[in-house]
Amino acid sequence: MMASGVGDCGSKNGSSEEHFAFSKHPNLEDIRKLQAEFSQERNWDQYHQPRNLLLALMGEVGEVAELFQWREEVREGLPGWSEKEREHLAHELSDVLIYLVRLADKCQVDLPAATKEKIALNKQKYPVSKVWGSNKKYTEYTEDEM
Ligand SMILES: Nc1ccn([C@H]2C[C@H](O)[C@@H](COP(=O)(O)OP(=O)(O)OP(=O)(O)O)O2)c(=O)n1
């Protein structure tokens with residue numbers, strides 16, 4: 001794992017067979033605390049209201065999109081991307097996560113717990129037996145199919 005956080009995401013030839021997993025730390029609560037400290041030390045809490053954080057988050061999502069725009073389809077593992085491009089992506093995705101965690105903090109949403117709950121709800125909404133291999137939205141299924 002490089003210092004930038006750019007790991008062996010798949011392989012450079014696009015194979016998804018190589019193992020990829022996140023580091024265990026920092027977890028979301030660690031990130032929440034790190035960002036809270038960062039903001040407090042700079043007297044920036046005054047700017048980190050939910051609305052500003054949402055706009056900052058959207059701006060960073062736009063910066064991620066810039067890295068993908070006007071390219072051919074990008075395959076898993078980002079084959080053909082340079083180390084510099086991978087590092088840039090890692091930093092922009094981190095900005096997105098940092099603002100998302102900060103937004104959840106300021107809205108008092110327990111993000112890991114809420115995510116666990118939402119995945120459980122998604123499983124109910126999209127039962128494997130009904131949706132296997134299909135990318136239809138749940139509203140497109142007929143009563144019979146569900
Ligand atoms: N008021 C602010 C400004 C910055 N940051 C933190 C959160 C982000 O992780 C990062 C964003 O910094 P920049 O706005 O400088 O954006 P970039 O790092 O993406 O720089 P650039 O826009 O030049 O790519 O810094 C923050 O918490 N609160």
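We count residues from 1, following the sequence as given. Hydrogens, waters and symmetry mates play no part in the numbers below; they use all other heavy atoms, side chains included. Bear in mind the structure is a predicted one, so any value in this text is a computation, not a measurement. First listed ligand is number 1; within each ligand, the first listed atom is number 1.
- Summarising the geometry, atom OG belonging to S39 is positioned 7.5 Å from atom NZ belonging to K106; distances are rounded to the nearest 0.5 Å.
- In terms of protein heavy-atom proximity, atom 2 (C) of ligand 1 is closest to W44 CZ3, 3.3 Å.
- Put simply, atom 20 (O) of ligand 1 has no protein non-hydrogen atoms near it, under 4.0 Å away.
- Judged purely by atom type and a 3.5 angstrom limit, N52 uses its side chain to pair as donor or acceptor with the backbone of Y47.
- Note that atom 9 (O) of ligand 1 has protein non-hydrogen atoms nearby, at separations under 4.0 angstrom.
- Contact annotation for H91 and ligand 1: no heavy atom of the residue comes within less than 4.0 Å of the ligand.
- For W81 and F68, the ring centers are positioned less than 6.0 Å apart.
- With respect to D45 and R102, a salt bridge is recorded, a charged nitrogen being found less than 4.0 Å from a carboxylate O.
- Comment: K33 engages E29 in a salt bridge, judged by a side-chain N to carboxylate O separation of less than 4.0 angstrom.
- Residues L93 and V74 fall within the same hydrophobic cluster, defined by Ile, Leu, Val, Met, Phe, Trp and Tyr side chains chained together at heavy-atom separations under 4.5 Å.
- Heavy atoms from other residues, nucleotides or ligands lying under 6.0 Å from CZ of R42 number more than 12.
- For atom 5 (N) of ligand 1, the nearest protein heavy atom (residue, atom name, distance) is Y99 OH, 3.2 Å.
- Below 3.5 Å of separation, one finds an N or O of E63 facing an N or O of ligand 1.
- Between D95 and ligand 1, a contact under 3.5 Å exists for at least one N or O pair.
- Contacts with ligand 1 closer than 4.0 Å are made by side-chain heavy atoms of Q35 only, the backbone lying farther away.
- For ligand 1 and E60, the ligand atoms under 4.0 Å from any heavy atom of the residue are 11 (C), 16 (O), 19 (O).
- Assignment of E92 to the shell around ligand 1 is supported, since a heavy atom sits closer than 4.0 Å.
- Distances shorter than 4.0 angstrom occur between a heavy atom of H48 and an atom of ligand 1.
- Note that atom 24 (O) of ligand 1 has protein non-hydrogen atoms nearby, at separations under 4.0 angstrom.
- Closer than 4.0 Å to atom 15 (O) of ligand 1 lies none of the heavy atoms of the protein.
- Remark: the backbone N or O of S82 is paired with a side-chain donor or acceptor of E85 at under 3.5 angstrom.
- By the criterion of a heavy-atom distance under 4.0 Å, neither the backbone nor the side chain of Y47 is placed next to ligand 1.
- Among R86, E92, K84, the single residue meeting the side chain to side chain donor-acceptor pair (under 3.5 Å) criterion with H88 is E92.
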